[in-house]
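What follows is one structure encoded as C-alpha cells, with my remarks underneath.
In what follows, chains carry the letters A, B, and so on, assigned in the order in which the sequence lines appear, proteins first and then strands, with residues in each chain numbered from 1. Side chains are part of it too, since the values below use all heavy atoms of this structure and drop only hydrogens, waters and symmetry mates.
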Amino acid sequence: MNYWLMKSEPDAFSLENLKAKPTSWDGVRNYQARNHMKSMKQGDQVFFYHSSCKDIGIVGIAQVIKESYPDHTAWNPKSDYFDARSSPENPLWYMVDIEFVREFSHTMTLSSLKESPELANMNLLKRGNRLSVMPITEEEWNIITLKSQYL
DNA sequence: GCCAACGTTGGC
DNA sequence: GCCAACGTTGGC
C-alpha cells in the first residue's frame, strides 16, 4: 500500500463534500500529478489537504476505491477541463475514485507541519511546490497521523 | 533543443 | 490582491 496527498480548494470541493459522497478526482491537467494517480492502487491512503483557504493544511484521510481510468471530462467541449488532445481512443488524462475515511479532530496546519524537523523533506514543504497530487512516505504518514491524535 | 512569454498555483 | 515559483507553449 502507498500513501499520497491530494490538494483541494475547499470552496470548490472540501472533505465535508467527500464525506457526503465518494468522488472521481477529475480535472487534473498536470503530467506529474496524472502519473502519480496512474500508480495509485485500490486501498491506498490519501491525506486530504485544503489549499487557498483560511485554515490551510491536512484535514483528514481518504482512500482510493477505483484505480486510474480515463478522465472523460477532457472529451467534453463544454467542460472547463476539455482538452482536444485527449480522445476515448487515445486518452491523455486519467482520474481515480476516492472515498472519505476519517476527519482529523483539528486541521494539521501547514505552519505546524513546517515546525516539525522530521518532516523537513516532505514534498509539500519544498519551496515553490505546486503539485496537487504527491506521494507521502510511510514514515511521514506515520508521523503525521500520530501527531494528529494530539492536536 | 533553447528560452522567452505566458498562465496557473497557492501562500501570504 | 500580490507575487514568487513553476509548468507549458511556441518561435526560432
Please set out all donor-acceptor pairs under 3.5 angstrom arising from side-chain atoms of residues 52-59 of chain A, sequence neighbours excluded.
from	atom 1	to	atom 2	distance (Å)
Asp55(A)	OD2	Thr107(A)	OG1	3.1

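Proximity of a side-chain donor or acceptor of Asn142(A) to a complementary backbone N or O of Glu139(A) within less than 3.5 Å is not detected. When atom types are taken as modelled, the side chain of Thr137(A) and the backbone of Glu140(A) share a donor-acceptor pair closer than 3.5 angstrom. Within the 3.5 Å criterion, the main-chain N or O of Pro10(A) finds no donor-acceptor partner in the side chain of Ser8(A).
Of the charged side-chain nitrogens involved, at least one lies within less than 4.0 Å of a carboxylate oxygen, so that Asp71(A) and Arg29(A) count as a salt-bridged pair.
Using a 4.0 Å heavy-atom distance criterion, Arg85(A) is classed as a sugar-phosphate-only contact.
When DNA chain B is scanned in the 5' to 3' direction for atoms under 4.0 Å from non-hydrogen atoms of chain A, the outermost contacting nucleotides are dG7(B) to dC12(B).
Using modelled atom types, one finds a donor on one side chain and an acceptor on the other under 3.5 Å when comparing Ser86(A) with Trp75(A). Between the side chains of Thr109(A) and Ser112(A), at least one donor N or O sits under 3.5 Å from an acceptor N or O.
Legend: residues meeting side chain to side chain donor-acceptor pair (under 3.5 Å) with Gln63(A), ordered by chain and number and at least two apart, are Gln45(A), Glu99(A).
Within residues 46-57 of chain A, the residues having any heavy atom closer than 4.0 Å to DNA chain B are, in order of number, Tyr49(A), Ser51(A), Ser52(A), Ile56(A). For the segment residues 9-18 of chain A, no residue has any heavy atom less than 4.0 angstrom from an atom of DNA chain B.
A distance of 9.5 Å separates OG1 in Thr73(A) from CG in Asp83(A), rounded to the nearest 0.5 Å.
For the ring pair (Phe, Tyr, Trp, His ring centres under 6.0 Å) condition, the pairs that include at least one residue of residues 27-70 of chain A, sequence neighbours left out, are Trp4(A)-His36(A), Trp25(A)-Phe48(A), Tyr31(A)-Trp93(A), Phe47(A)-Trp141(A), Phe48(A)-His50(A).
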